[in-house]
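Some notes on the structure that comes next.
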Amino acid sequence: MKKAKYLVENDFMADPAVHLFGGRLYIYPSHDRESGIPENDNGDHFDMNDYHVFSTSDIENESLTDHGVVLKLSDIPWAGRQLWDCDVAFKNGKYYMYFPLKDKTDIFRLGVAISDSPAGTFIPRSDPIRGSYSIDPAVFEDADGTHYMYFGGLWGGQLQRYKDNKALESACLPSGEELALPSRVVRLSDDMLGFAEDPKPVIILNQDGTPMKAGQTVRFFEASWMHRYKGKYYFSYSTGDTHLLCYATGDNPYGPFTYQGVILTPVVGWTTHHSIVEFKGKWYLFHHDSVPSGGKTWLRSLKVVELEYDNEGNILTIHGGGE
Ligand code: FUB
């Protein structure tokens, strides 16, 4: 599949997290909608209030099965507003959906909902994960069965309000030569319902070994994802206001990771967000753009395209069409 294709033609879906469960590919997107809220740097226009799940056994030739609404905001006891990018992990017969949501005080927290099936319905816990903050949880299962969550996002995602896992009195956004704000990584507890340790910064180094600076166009902004390829750990992310998907590699889930390059050049629409999955011997980049909505950045559409590596394990850059 050399040409990207849209996956859901009749609705707006974004931020795909994709996993292989029982030989079938499951897609967990955000469900965009027209709320009428004006666009701003706080992300208020992303006012989503439920999730659907999609699945397929043949991503190249089959249309997706829509399993319908699997979790909605009104069922979450601690809900304020804005269900953003979610992810799902499997352990001991249960499926755990992790989702960011603003609580009743308008602070983003990460919640968990549980199901017996990858296709839902997911039943939310009564409270968010203790010690959680910000957005975009992505859960990675390492080869030894340990689960790690990567999370965090700047501006509307509120990451600039935290330092050393504590809320600051006022937001602190580094710039220029100051160190870039990092994504976070944390090992999940055995019961999958909480953090087993304090979240740690995901350090990205430049090729010369210096830490990434806040003024670099390829610094982390949001949309963390982790995958393994030929024994190496690939941490990928969105650069937000410079509109790239980039990646860095390391030799363990915590990093540090060394910057390697651009996976996807800008798409149409402000946000870019993705997941990378191997299925039936090929690698795929799931992502979104705003072409079908005529460029409305809060009405995004899911896409997939094949992802290729060179012989050294470098990812070949894909063109997003929004440059
Ligand atoms: O969908 C809302 C937000 O937009 C996500 O959480 C970000 O990653 C960006 O895609």
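The basis for the numbers below is simple: all heavy atoms, side chains too, and nothing from hydrogens, waters or symmetry mates. Both counts, for ligands and for their atoms, begin at 1 and track the order of listing.
The shortest N or O to N or O distance between T272 and ligand 1 is not below 3.5 Å. The shortest N or O to N or O distance between D32 and ligand 1 is not under 3.5 Å.
Taking the six-membered ring for Trp and the full ring otherwise, the centers of W283 and H227 sit less than 6.0 Å from each other. A centroid separation of 6.0 Å or more is found between the aromatic rings of Y259 and F257.
Within the 4.0 Å heavy-atom shell around ligand 1 one does not find Q82.
Here the rule is salt bridge (Lys or Arg N to Asp or Glu O under 4.0 Å) with R81, and of D44, D47, D103 only D44 fits it. Just one of Y96, W225, F54 meets the ring pair (Phe, Tyr, Trp, His ring centres under 6.0 Å) condition when paired with H19; it is W225.
Distance from atom 1 (O) of ligand 1 to its nearest protein heavy atom, with residue and atom name: D15 OD2, 2.5 Å. Protein heavy atom nearest atom 3 (C) of ligand 1, with residue, atom name and distance: W84 CE3, 3.8 Å.
The residue among T297, D136, T271, D85 with a heavy atom at the shortest distance from atom 6 (O) of ligand 1 is D136. In this comparison of R300, E222, M48, H31, the heavy atom closest to atom 7 (C) of ligand 1 sits on E222.
Defined by atom type and a distance below 3.5 Å, a donor-acceptor pair is missing between the side-chain atoms of D136 and Y150.
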